[in-house]
Structure formats: C-alpha cells, structure tokens
Amino acid sequence: MAATGREPHGGYEQDVLRRAGDSSVLILTSLADGPKHGYALLLDIKEFAGLRLGPGTLYGALDRLEGLGLIESLPAEDRRHPYRITSVGAMALRHHLDSLERVSAVGRLRLGLGGV
Amino acid sequence: MPGTPRTRMIEVALRCYPRRWRDHHGDEAIEIAQLLVSDGVPALFVVVSYLKGAARERLITRPSRRLLPAVGALLVGASLIGVPLVLLDSSTPASAASGNEVVAMISSHQHAVEQLESVFKLHHFKIRVLGVPSPPSRDGSILAVDIPVRDGETGVLREIRGPCITGAPGCIDGVALPLHYAGRALVLVGYGIKPGKPAPEPADGRLNYKVPGHTTLKHRTTKKN
C-alpha cells in the first residue's frame with residue numbers, strides 16, 4: 001500500500017505501537033532482521049522472547065500490522081506467506097523501543113538500580 | 001496427522017473463521033498447526049488459539065451480531081447521520097459492519113489515510129487509499145472514490161458525508177460497501193497544501209486527478225465552504 005499521504009501528517013511520528021499489543025511488537029522485532037513466514041516467526045519469537053505465541057494470535061496481529069501498513073506480505077512460497085517489515089513499520093518499532101527505553105530507565109532509577 | 005481427532009478439531013476451529021480469512025490464510029494455518037503439533041505443542045493450545053482468533057475476526061466483521069451490539073449500532077448509526085466518530089482513538093480505524101455492509105469512517109482527519117487503509121486491509125478489500133494534494137479545507141477528507149469500469153460494480157460504494165477539518169459541512173468522511181465486495185477501488189484522500197504553496201482550487205469547483213492505471217478522477221465534493 002502506498003505510503004503517500006502519511007508524511008504530510010507525520011502520522012507515524014507518535015508511538016503507534018503503544019496500544020498495538022505485545023504480539024505486534026514481538027512480530028515487528030522478529031521481522032526487523034528480514035522477512036519470515038508464520039511458522040518461522042513463531043519459532044524466532046520463542047527463541048528471543050521465550051514466549052510461545054498461539055497461531056490465532058499471530059494471524060490476528062499480522063492482519064492488524066498489515067492493515068496499519070507496518071508490514072507487507074510478499075508473494076506466497078508454496079502455502080506460506082512471508083511478511084516483511086515496511087520502512088514505516090521500522091520507524092514505528094524504533095519509536096516504540098525508544099519509548100520503552102525511557103520507561104525502563106526511569107523504572108531502574110526509581111528502583112535504585114542506577115543508570116539512566 | 002491426517003484424519004486424527006486433533007486434526008479434525010483444528011479443522012473445525014479454522015472453519016470458525018470467515019471465508020475471506022480462510023481463503024487468505026487457511027492453507028498456511030493448517031500447515032502451521034501441523035508443524036506445531038509435531039513439535040510437541042498440545043493440539044488443544046492450537047485449537048483454542050484459533051478459536052479465539054476466529055472470535056476476534058468475527059467481532060471485527062460482524063460486531064452487531066456478537067458481543068458488541070451497542071458499539072456496532074453506534075458506529076453505523078453515527079455514520080448514517082454523518083457524525084464523525086471522534087470517540088475513537090485517533091490511531092484506531094473506524095470500522096463497523098451491520099448485516100451485509102461495512103462502514104469505514106474517518107474519525108481523525110490527520111490519520112485519514114491510515115484509518116481507511118487499516119479498515120480495508122482488515123476486511124481484505126482490494127481498495128487502495130492514496131493521499132493527494134487538496135485545498136486545506138479538504139485535508140483528511142475523501143476527495144473521490146473510483147472503481148475501475150472492468151470491475152463492473154460502480155455504485156456499490158456509498159459515500160458518507162461529514163464535517164470537513166474546518167468544521168464546515170460538506171466533506172466525505174467515510175464509505176460504506178458490501179461486506180463481500182471483491183472488486184477493486186481507489187479512494188483519494190486530500191492533504192492540505194501548506195500556506196505559501198499554490199492550492200489546487202479550481203474555478204469550476206471540480207478537481208481532476210491522474211492516477212496510473214485509472215481514468216481521470218473527479219473531485220466529487222463540489223460544495224464550497
């Protein structure tokens with residue numbers, strides 16, 4: 001989907017992932033190093049987050065992210081649909097991670113763990 | 001694991017999804033289920049996950065028949081009288097389905113393109129949304145809806161009027177279309193030209209847009225603010 005029309009409004013400058021749910025953030029993080037299909041996403045997320053996403057949750061999040069233009073599906077390989085993060089998605093993920101980092105720093109400081 | 005009870009359970013769970021979803025994801029969903037189960041994931045976990053996903057999908061496409069009748073009625077009712085759905089979060093797509101119709105409304109002019117794209121993608125419609133320069137008064141409103149003649153379904157998309165970004169009436173803030181619409185369409189959304197730049201305000205009240213693959217589109221909102 002064309003990204004035309006987004007830039008004039010700066011629509012993705014805010015943290016659009018704030019309410020998107022953890023599964024969306026995990027999927028974007030997984031796709032950040034290259035396209036993957038559904039099963040590869042589930043394995044990768046289990047690997048780096050220690051969390052087993054249900055396949056129904058996965059598809060719900062994929063549809064939602066695709067609807068927001070944060071990921072796009074690539075031509076199907078056999079029965080599998082690989083997905084790729086879009087430039088808008090990468091930007092949204094970066095904003096979200098920055099936001100998490102700020103919260104993390106404050107939390108650590110207030111817990112007396114040091115380091116902002 | 002063909003023919004086993006757990007395979008049948010998974011197939012039943014997948015049949016709970018709308019047909020449009022099954023056409024898009026069905027084959028891969030079965031394969032993923034088989035791979036997960038062969039990896040040792042309990043079949044019940046897979047079945048429950050698909051059932052929850054199907055329920056969510058149904059809630060999105062047919063809220064008026066499920067747990068959110070009030071929300072569905074509000075969305076549809078508000079759209080019919082042309083009221084913008086400002087109750088929704090600005091990043092949330094405004095979507096509702098009642099009976100056989102899906103209503104996509106712009107609730108935030110600043111996020112109009114994203115909102116419409118999100119709704120159309122969510123329902124797997126083959127509808128493109130394109131932002132094009134417009135007079136400032138049309139910023140974030142629908143300028144034109146075009147259906148290629150070859151799709152032969154002109155007139156199926158109903159434009160819904162609402163206030164412009166300035167608050168004045170006369171803009172198009174949403175479209176309603178059949179739930180099972182399978183044709184293509186192009187929706188043009190305006191983004192206002194900044195001060196100092198020439199605004200495309202035509203003398204005859206109609207704007208022309210050229211989009212590759214489409215005939216010249218007319219800006220149908222002719223009412224001046």
Side-chain angles (χ1 to χ4, degrees), chain A residues 1-21 23-24 36-43 45-47 52-73 76-83 86 88-89 92 95-96, chain B residues 10 13-14 17 21 24-33 35-36 39 41 45-57 60 89-93 95 108-115 117-124 128-133 139-140 188-194:
Chain A
M1 190 65 64
T4 317
R6 287 189 174 117
E7 289 168 9
H9 301 307
Y12 284 105
E13 284 176 12
Q14 58 184 341
D15 185 4
V16 294
L17 291 173
R18 190 162 53 96
R19 298 184 190 184
S23 51
S24 297
K36 293 181 185 68
H37 55 74
Y39 185 61
L41 279 167
L42 291 178
L43 292 181
I45 289 168
K46 178 83 169 63
E47 177 78 20
R52 189 185 295 285
L53 278 190
T57 306
L58 173 80
Y59 281 117
L62 286 173
D63 284 344
R64 196 163 53 244
L65 289 170
E66 194 178 6
L68 288 167
L70 303 182
I71 63 170
E72 60 189 359
S73 60
E77 298 167 355
D78 197 8
R79 292 194 290 182
R80 300 172 178 187
H81 291 268
Y83 289 87
T86 62
V88 177
H95 276 285
H96 185 69
Chain B
I10 290 167
L14 288 173
Y17 278 92
W21 187 96
H24 188 64
H25 294 300
D27 289 344
E28 189 184 18
I30 290 172
E31 187 184 14
I32 285 187
L35 289 167
L36 287 172
D39 281 352
V41 175
F45 172 81
V46 176
V47 169
V48 169
S49 180
Y50 277 139
L51 285 175
K52 283 162 66 180
R56 272 195 302 269
E57 192 74 17
I60 290 166
D89 179 76
S90 64
S91 62
T92 306
S95 166
S108 162
H109 290 286
Q110 288 195 328
H111 301 91
V113 171
E114 293 89 342
Q115 286 192 331
E117 278 184 346
S118 178
V119 172
F120 296 146
K121 283 265 186 173
L122 213 53
H123 292 280
H124 304 291
R128 286 178 66 204
V129 183
L130 207 57
V132 293
D139 191 3
L188 296 188
V189 174
Y191 59 82
I193 300 294
K194 290 181 178 161

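Residue numbers begin at 1 in each chain, while the letters A, B, ... track the order of the sequences.
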Might you work through the side chain to side chain donor-acceptor pair (under 3.5 Å) test for A/Asp63 and B/His25, ending with a clear yes or no? CA-CA 10 Å; A/Asp63 284 344; B/His25 294 300; 2.9 Å; yes
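- Atom OH of A/Tyr59 sits about 5.0 Å away from atom OH of B/Tyr50, to the nearest 0.5 Å.
- Of the atoms belonging to B/Leu36, heavy atoms from both backbone and side chain fall under 4.5 Å from chain A.
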Decide side-chain contact (heavy atoms from CB on, under 4.5 Å) for B/Arg56 and A/Thr57; before the verdict, give the C-alpha distance in whole Å, the side-chain angles of both, and the deciding distance to 0.1 Å. CA-CA 9 Å; B/Arg56 272 195 302 269; A/Thr57 306; 4.0 Å; yes
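- From A/Glu66, atom CD reaches atom OG of B/Ser118 across 10.5 Å, with rounding to the nearest 0.5 Å.
- To the nearest 0.5 Å, atom OH of residue A/Tyr39 and atom CG of residue B/Asp39 are 3.0 Å apart.
- Between A/Leu58 atom CG and B/Ile32 atom CD1 the span is 6.0 Å, to the nearest 0.5 Å.
- Checked by atom type and distance alone, the side chain of B/Glu28 pairs as donor or acceptor with a backbone atom of A/His81 at under 3.5 Å.
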Starting from the C-alpha separation in whole Å, work towards a yes-or-no answer on side-chain contact (heavy atoms from CB on, under 4.5 Å) for B/Glu114 and A/Leu68. CA-CA 6 Å; B/Glu114 293 89 342; A/Leu68 288 167; 5.7 Å; no
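- Within the 4.5 angstrom heavy-atom criterion, no atom of B/Phe120 approaches chain A.
- Contacts between B/Phe45 and chain A at a heavy-atom distance below 4.5 Å involve the side chain alone, from C-beta outward.
- Contact annotation for A/Leu53: only backbone heavy atoms (N, CA, C, O) come within less than 4.5 Å of a heavy atom of chain B.
- For chain A, no part of B/Val48 is nearby; none of its heavy atoms comes within less than 4.5 Å.
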